[in-house]
Amino acid sequence: MDEETHELVREIVSGVPAGTVATYGDVAALAGLPNPRMVGQVLREDGGDIPWHRIIRADGVPAAHLRSEQLARLRAEGVLAEGQRISLTRYRWNPEGPGAG
DNA sequence: CGCGTGACGCCCA
DNA sequence: GTGGGCGCCACGC
């Protein structure tokens, strides 16, 4: 992965405010990536200096290997999860901002 | 270049 | 709600 893309993705993910969540597809779209898989690819190399736990799948379910971690961290931010799923329509991050309309 | 795999997303039955 | 298939790009062998 190019450092540029790597940096960009980190910026976007890091730009996700607490109490909200974003999907890989959203991050990928904002980063200009052709597929959401690239987002995960980057996060993998990143490390943990970013709120990766705010990135979940489009169905509102976090990664299986992070399920517990994600849910736990998000919980601390006020992002409740019904069982294992999170209400995107309720916590989905809006990159356009509430002042866009 | 081909094969297998992956922190994904959409479609169909 | 569940199970199976396809598309997409990148990494490692």
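Here is the naming used below: chain letters follow the sequence lines, and residue numbers restart at 1 for every chain.
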- Task: Rounded to the nearest angstrom, tell me the gap between atom CD1 in A/Ile56 and atom P in B/dG9.
- Result: 9 Å
Report each atom pair, protein N/O against N/O of nucleotides 11-13 of chain C, whose distance is under 3.5 angstrom.
{"unit_1": "C/dC11", "atom_1": "OP1", "unit_2": "A/Met1", "atom_2": "N", "d": "2.4"}

- Query: In terms of side-chain heavy atoms of A/Thr23, which of C/dC8, B/dG9, B/dA7 is nearest?
  - Reply: B/dG9
- Report the distance from atom CD1 of A/Ile55 to atom P of B/dC8, rounded to the nearest whole Å. 12 Å
- Task: State whether a side-chain donor-acceptor pair under 3.5 Å links A/Thr5 with A/Asp2.
- Result: no
- Task: Using atom CG of A/Leu33 as one end and atom P of B/dA7 as the other, report the distance to the nearest whole Å.
- Result: 16 Å
- Query: From C/dC8, B/dA7, B/dG9, pick the nucleotide closest to the side chain of A/Trp52?
  - Reply: B/dA7
- Task: For A/Asp59 and B/dC11, give me the distance from atom CG to atom P, rounded to whole Å.
- Result: 14 Å
- Is there side-chain contact between A/Leu80 and A/Arg75, with at least one heavy-atom pair below 4.5 Å? yes
- Item | Gap in Å between the two C1' atoms, one belonging to B/dA7 and one to C/dT2, rounded | 23 Å
- Query: Do A/Ile56 and A/Tyr91 come close enough that some side-chain heavy atom pair is under 4.5 Å?
  - Reply: no
- Item | Watson-Crick/G-U partner (both atom distances under 3.5 Å) of B/dC8 | C/dG7
- Shortest non-hydrogen contact between A/Trp93 and A/Pro95, atoms and distance: O-CD, 3.2 Å
- Task: Measure the shortest side-chain to side-chain distance between A/Leu43 and A/Ile50 over non-hydrogen atoms and say whether it is less than 4.5 angstrom.
- Result: yes
- Item | Gap between atoms CD and C1', on A/Glu4 and C/dA10 respectively (whole Å) | 17 Å
- Message: Without decimals, in angstroms, what is the distance between A/Met38 CE and C/dC9 P?
- Response: 9 Å
- Query: Are the side chain of A/Gln84 and the backbone of A/Leu71 linked by a donor-acceptor contact shorter than 3.5 Å?
  - Reply: no
- Task: Compare every heavy atom of A/Arg54 with every heavy atom of A/Val16, then report the nearest pair and how far apart it is.
- Result: O-NH1, 2.5 Å
- Message: So A/Val27 and A/Val42, do their side chains get closer than 4.5 Å, heavy atoms only?
- Response: no
- Are A/Ile86 and A/Gln70 side-chain neighbours, meaning at least one heavy-atom pair lies under 4.5 Å? no
- Task: Counting Watson-Crick and G-U wobble pairs only, both distances under 3.5 Å, name the nucleotide matched with C/dG1, or none.
- Result: none
- Message: Please confirm whether the shortest side-chain N or O distance from A/Arg44 to OP1 or OP2 of B/dA7 is below 4.0 Å.
- Response: yes
- Item | Protein-nucleotide distance (A/Ile50, atom CD1; B/dA7, atom C1'), rounded to Å | 11 Å
- Task: Find the distance A/Arg37:CZ to B/dG4:P and express it as a whole number of Å.
- Result: 16 Å
- Task: Please list residues of residues 60-90 of chain A whose heavy atoms come under 4.0 Å from any atom in DNA chain B, ordered by number; otherwise none.
- Result: A/Ala63, A/His65, A/Leu66
